[in-house]
Amino acid sequence: MLETPPGMPIVYVVDDEPSVRDALRLLFQSVGMKVVEFENAHAALAGADDLESGCLITDLRMPLMNGIDLIEALRKRGCRLPVIVISAHGDVKLAVRALKAGANDFVEKPFNDQDLLDLVNSALNLPPGSDRSQAVSGDMAARVGQITSRELVVLKQIVAGRSNKLIARDLDISPRTVEAHRARVMQKMQASSVAELVSLALRAGIVLDEDLV
Amino acid sequence: MSEQPVQPGAGYYDPSISLTLPSRLLVHLVTAAAYYGAGMLAFAVFPIGNGVAGIWPAAGISVAAMLLLGPSVSLAIFFSDFLVNLNTGLPVVHALLLAIGAVGEALIAWYLLTRIAGFDPRLRRIKDVTAFVTAGVLPAAMFCMMPRLLLIAVMGDAGPMPVPNAQTVFVGSLGHGLGVLLVAPVILSWTAERPLLKPSAEFFLLLLAAVLLNAAAFTATPSGPASALLYAVFVVVLWAALRFGPRETSDVMLLTAIFATWAAWRASGPFIISNQIEALYSLGLFLMIATVTALLLAAAARERSASAQRVEESEHAHRMLIEQMREGVITLDGLRRFAFVSDRFCALSGWQRQDLIGRPFTQLVATTDRLRLEQALNDTEGGQDVQIEVALERAGEGTMLASVAPRRLAGSAGQPKRIMAVVADITESRRAAELSRLRLQQIAHTNRVQSMDEMAIAFAHEIAQPLTAITSYAQAARRFLSSGAGAIGPARESIDGAEREARRGSEIVRRIRGFVQDRKSERVPQVADLLVGEVARLAEPEVRQHGVELRTDLCGSGCRVFVDPVQIQQVLLNLVRNAAEAIAEAGSAIRLITLKSINAPPDGVAFAVIDSGPGFAAAEMEKIFEPFYTSKPDGVGIGLALCRSIIEDHDGQLHGAAEPDRGATFTFTLKEFRDA
């Protein structure tokens, strides 16, 4: 099915939205990467045995079979391909579920091209079979270093999917203060969404899988 | 004497009086005495000989008594007559036979008159007078002599009395007939009607005139000029008939008869010609003709005044009815000018009656409506039922919206056609309808905003797709462009893609804005298939989220409906979303919704939403349309009730049909719009 020279990294795109697939194809083409498109999870699974080295980008919400089920099915079949989830639903719970299912990263639609390319690149550079707990880069260390202990408590609560109100009650502070903490955490971690924050926090090792709901 | 109540409607008056036994005996005795007195008087005044008197008022007493007291009075009559006959020197057999004849004639008259349906012995109608004459007077006259004539026919000339000749028989019959005709009406009318407690001066004047004129007429010498005074009696009769009634008329006639008889007895007056028999002939005939004429005249006059009174009463009732109506009533003459306006119409329009009468109706109507009103008024000529709505100018200022229902008034041929119209002020009800439509609009809008709220995530997802694509296309284009001349082709491709997606995004935004905008409800011709297509696009993101497939099945005929497009889309969207949620909730294996437009001959377009969901039980069918009924855990339950209201506002009916586990179908049909 796939007629590509061996060793050449391929980006597999699974999205029911043709325009998104097309745009991603052109984006990766512009940096000299080859793209293979699947219009749904079933098609991707059907071709799973032929998937070579590369990276898989999948949408979360798709008819018949969603992205999380796809990841689980792939992992069950022993496919260790790095997976980046893209979704228009910036929902913490969904992000967490995807990451727990074995996704390497979670990116909210619409995304910054450079971020996505960086993620794909770093995923491709991973030794095959390794999970997402890659070495914390110097940049990441710098980000985490700025977080105060109080902010860290709040961050852990946020990635656990708790609302501002619940956090405020738990820590016995006002929701307004929680909001301020949250804004600073997002800023310091350079996360554009909570989903991304979860992804970053996991990668930085601030939180562990067990912390997630 | 008590007045018997008149039976309502039947027009039958029962003259019989009910009495206790002692008073009944007394009345019978009085009757017997009166009969005896009248009989003796007749023989004293007019003895023809041979047991026959020239005039027999006792017959009137017996007939009247029979009608008032019933056949039981026969005994009293029999003995009185027998005694009178004996007193006149008749042999016992003849006296007996004459008495049988006297009772017989009264019985026959009573029998016949009580068999005539609706006979009223007060003689207030012409038909009562003719019935009285033919079934009361004539049989009595014909029967009175029968038993005696029969005896003579059987026994021959055996009795001590000479055989009465034909003339005697005729005079006797005439005398009996006259007696009934003159006396019975007086007795019957005086017992039937309440006696005059306060007789008017005019009544006494009438009696005085009758006495004086009769005295003058009947004391004159037969050949003298004063004998013409006899005709003056008719003036008094006319007076009594027209100003009073049958009772006073019969009084006057009885008075006249008394004078005439008295004059004949004294051998004076106009009827004394040569001998007594001839005098009786002419006197009897005169009284017979005059009395029948007088009674007929009185009945006619009474009937006429009664009918005039009925007309007046019915007119009064109609007028009352018209003024009780909430609507105004007007009649227009042949030139469509106001001929009558009810008070209510004046109140509604604010005009005074004198400002309206004689004015053309169309002048009151807004110029734009005049032609239509003329047309409607013309249409009434064919007897059509017409109703139109026009703006009616009110007195002072302002107009009212009036519903006018004109009808042609029945009139004789050749006469100009008059029109009656019922005019109702529908300004308020129209305003109320407007208000309820406005309320529906507001609820509908709230519902749309709420649906949008619920669909926001789906729409955010929907809009995120083109935005994602645009971002990626743009970034790809930039990279291609900076990588050198060879990449122009892919760069253009990327830019084209970005443009296409930007259009798609703005299309989604337009659709949402159009749907959720609070705007005035407006009916426009709309192609049914376009409506369905638009709804499919609106509903698709959310339906897809539920993992349900949405198909459309269009009629393809391009037929149009005249609707508020947003409201109809809203109904279809509600139905589709309900279906999708039901399928998702039930976790149905087949997950399909079909949105259809169907040609519905002869002049309709049907819309249907068919789902493969769990359906619902027939018992729930009516309940699901009730406001605040919901099967959804977080539903408000306004959706279907609102859908039904919207469809009804579009003159359609929303129907649901379902089988448990086989899915549900919701359908409504709208009238097809065609260019006039």
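As the structure is a computational prediction, the values presented were derived from the model and not from experiment. Just so we're on the same page: letters track the sequence lines, and every chain starts at 1.
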Which N or O donor-acceptor pairs, by atom type, sit under 3.5 Å across chain A and chain B?
| residue | atom | partner | partner atom | Å |
| --- | --- | --- | --- | --- |
| A:Glu17 | OE2 | B:Arg504 | NH1 | 2.7 |
| A:Glu17 | OE2 | B:Arg504 | NH2 | 2.6 |
| A:Ser19 | OG | B:Glu501 | OE1 | 3.0 |
| A:Ser19 | OG | B:Arg504 | NH1 | 3.3 |
| A:Asp22 | OD2 | B:Tyr473 | OH | 2.4 |
| A:Arg25 | NH2 | B:Glu493 | OE2 | 2.7 |
| A:Lys109 | NZ | B:Gln465 | OE1 | 2.7 |
| A:Asp113 | N | B:Gln475 | OE1 | 3.2 |
| A:Asp113 | OD1 | B:Gln475 | NE2 | 3.3 |
| A:Asp113 | OD2 | B:Arg479 | NE | 3.4 |
| A:Asp113 | OD2 | B:Arg479 | NH2 | 2.9 |
| A:Gln114 | OE1 | B:Arg479 | NH2 | 3.0 |

If you count heavy atoms of other groups shown closer than 6.0 angstrom to CD1 of B:Ile590, is the number above 12? no
Could you tell me which portion of A:Leu60 (side chain, backbone, both or neither) has an atom closer than 4.5 angstrom to a non-hydrogen atom of chain B? neither
